[in-house]
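Note sheet for the following structure.
Labels below follow one simple rule: chain letters A, B, ... track the order of the sequence lines, proteins then strands, and each chain is numbered from 1. Here the structure is a predicted model, which means the values were calculated and not measured.
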2 protein chains.
Amino acid sequence: MLPATARQTDFHNDHLPESCKGAGDILARVGDKWSVLIVRQLDRGSMRFSELNRAIDGISKRMLTLTLRNLERDGLVERTVTPLNPPRVDYALTPLGVSLSKPVMALAEWAIAHKFDIQSARHDYDRAQEDN
Amino acid sequence: MLPATARQTDFHNDHLPESCKGAGDILARVGDKWSVLIVRQLDRGSMRFSELNRAIDGISKRMLTLTLRNLERDGLVERTVTPLNPPRVDYALTPLGVSLSKPVMALAEWAIAHKFDIQSARHDYDRAQEDN
DNA sequence: CAGAATCCAGACTGATACTG
DNA sequence: CAGTATCAGTCTGGATTCTG
């Protein structure tokens with residue numbers, strides 16, 4: 001369906017197989033379920049570990065720790081330790097993290113807006129399969 | 001979008017644990033590495049199975065098939081079989097898929113734009129860890 | 001409180017081979 | 001061409017236990 005004429009009208013894009021490759025890894029991290037939910041929370045302001053743990057439904061301490069580490073490693077989240085007893089650790093988005101939150105929130109809103117469309121599409125598909 | 005009753009009381013609508021919960025599953029699919037790359041390709045126009053297989057670097061026939069099935073199940077991609085010999089199957093985005101492609105492309109562009117920021121953040125982080 | 005460490009079942013993936 | 005089937009290795013993620 002994509003004829004040879006597409007090539008000349010390629011003004012709007014540039015393939016960049018290189019870039020796409022790198023994008024894959026990053027999208028994997030960014031599109032990760034927990035990463036999105038964490039970014040979504042931190043977009044409202046910094047939070048403590050336990051606050052995040054309570055705010056994000058269903059996440060285990062393990063996954064919260066691991067995901068925060070990855071986000072920190074990618075420079076999206078900043079970790080601030082306040083040496084007290086009991087210890088206090090706050091997490092906040094870095095400027096890079098804030099810039100990410102925009103497209104991520106857009107995606108999250110899309111997901112929420114079309115949740116039912118997808119659920120019903122799944123339902124229809126599954127029912128159609130059963131009939132075979 | 002929202003019921004009229006919700007608008008008055010809920011204008012500042014936070015949280016929505018229900019919506020967020022559902023969003024997680026969908027984001028997982030949508031944020032999937034292969035899904036993104038496939039949507040990205042199909043955004044330019046419909047393609048045949050083998051064309052996708054060649055266009056997307058590193059994907060196996062197996063993962064291409066599985067991912068396309070999931071996208072089809074979610075109502076994002078339409079599969080059209082033309083019974084010939086050899087067989088021909090075309091894939092295209094549905095209207096829902098097209099609406100998804102916008103936020104996905106935005107995210108992909110973010111990823112490409114900040115690829116190096118992330119790479120260097122990772123590098124710094126890893127080097128800081130070694131010193132310990 | 002904020003993790004680190006360990007265990008482990010199950011999901012995910014790639015490679016390979018086969019089919020209509 | 002467009003898949004399906006199978007198998008083995010990897011990775012994931014929850015549960016649990018322990019520490020400064």
Side-chain angles (χ1 to χ4, degrees), chain A residues 1-2 21 24-38 41-42 46-74 77-92 122 125 128-129 132, chain B residues 21 23-38 41-42 46-74 77-92 125-126 128-130 132:
Chain A
M1 189 62 89
L2 196 65
K21 193 163 180 288
D25 313 353
I26 297 172
L27 286 167
R29 160 100 353 103
V30 147
D32 172 60
K33 178 184 176 181
W34 299 128
S35 296
V36 172
L37 296 176
I38 289 174
Q41 283 298 322
L42 294 181
S46 75
M47 289 180 94
R48 300 181 58 170
F49 184 87
S50 55
E51 288 177 322
L52 282 169
N53 203 171
R54 262 175 273 114
I56 299 174
D57 191 51
I59 196 169
S60 63
K61 284 204 297 184
R62 183 177 189 277
M63 287 316 295
L64 182 54
T65 301
L66 290 176
T67 310
L68 283 170
R69 285 281 181 282
N70 283 328
L71 291 172
E72 189 192 357
R73 187 169 99 101
D74 288 354
V77 158
E78 190 184 18
R79 180 168 176 271
T80 309
V81 180
T82 310
L84 293 175
N85 202 319
R88 176 192 179 106
V89 181
D90 289 272
Y91 292 91
R122 285 182 185 173
Y125 184 91
Q129 293 312 78
N132 300 355
Chain B
K21 192 164 180 286
D25 313 351
I26 296 172
L27 286 167
R29 160 97 356 101
V30 148
D32 171 62
K33 179 184 175 183
W34 299 130
S35 295
V36 173
L37 296 177
I38 289 174
Q41 283 298 322
L42 293 181
S46 74
M47 289 180 93
R48 299 182 60 171
F49 184 87
S50 55
E51 288 177 322
L52 283 169
N53 203 170
R54 260 175 275 116
I56 300 173
D57 191 50
I59 196 169
S60 62
K61 285 202 298 184
R62 184 183 136 77
M63 288 314 297
L64 182 54
T65 301
L66 290 176
T67 309
L68 283 170
R69 285 281 181 281
N70 284 329
L71 291 172
E72 188 192 357
R73 187 169 99 101
D74 288 354
V77 158
E78 189 184 18
R79 180 169 176 270
T80 308
V81 181
T82 309
L84 293 175
N85 204 319
R88 177 191 178 107
V89 180
D90 289 273
Y91 292 91
Y125 185 91
D126 292 345
Q129 293 309 80
E130 280 174 26
N132 300 353

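Rounded to a whole Å, the CZ atom of B:R79 is 12 Å from the C1' atom of D:dT4. Rounded to whole Å, atom P of D:dG3 lies 10 Å from atom CZ of B:R48. When the P atom of D:dG3 is taken as reference, atom CZ of B:R54 falls 14 Å away, rounded to whole Å. Distance, B:I56 CD1 to D:dA2 P: 14 Å, rounded to whole Å. What separates CG of B:L52 from P of D:dG3 is a distance of 10 Å, to the nearest Å. Atom-to-atom, CG of A:L64 to P of D:dG13 comes out at 13 Å; the value is rounded to the nearest Å. Computed from coordinates, the A:L66 CG to D:dT12 P distance equals 9 Å when rounded to whole Å. Spacing between atom CG of B:L68 and atom P of D:dC1 amounts to 16 Å, rounded to whole angstrom units.
For B:R62, no side-chain nitrogen or oxygen approaches OP1 or OP2 of D:dA2 to under 4.0 Å. At least one side-chain nitrogen or oxygen of B:R69 sits closer than 4.0 Å to the OP1 or OP2 atom of D:dT4.
Of all nucleotides in DNA chain C, those with any atom nearer than 4.0 Å to a heavy atom of chain A start and finish, going 5' to 3', at C:dC1 to C:dT6.
Between atom CG of residue B:D74 and atom CZ of residue A:R122 there is a gap of 4.0 Å, rounded to the nearest 0.5 Å. Atom-to-atom distance recorded for A:E72:CD and A:T65:OG1 is 11.5 Å, nearest 0.5 angstrom. Interatomic distance, NZ of B:K33 versus CD1 of B:I59, reported as 9.0 Å (0.5 Å rounding). Between the CG atom in B:N70 and the CE atom in B:M63 there is a gap of 8.5 Å [rounded to 0.5 Å].
A 4.5 Å side-chain heavy-atom check between B:W34 and B:L66 finds every atom pair outside the cut-off. At a threshold of 4.5 Å between non-hydrogen side-chain atoms, the residues B:L52 and B:Q41 count as touching.
Two residues, A:P87 and A:G58, neighbour DNA chain D, and the one matched to the more 5' nucleotide by heavy-atom proximity is A:G58. Place A:P86 and A:K61 on DNA chain D by their nearest nucleotides, and A:K61 ends up nearer the 5' end.
Within 6.0 Å of CD on A:E78 lie no more than 12 heavy atoms contributed by other residues, nucleotides or ligands.
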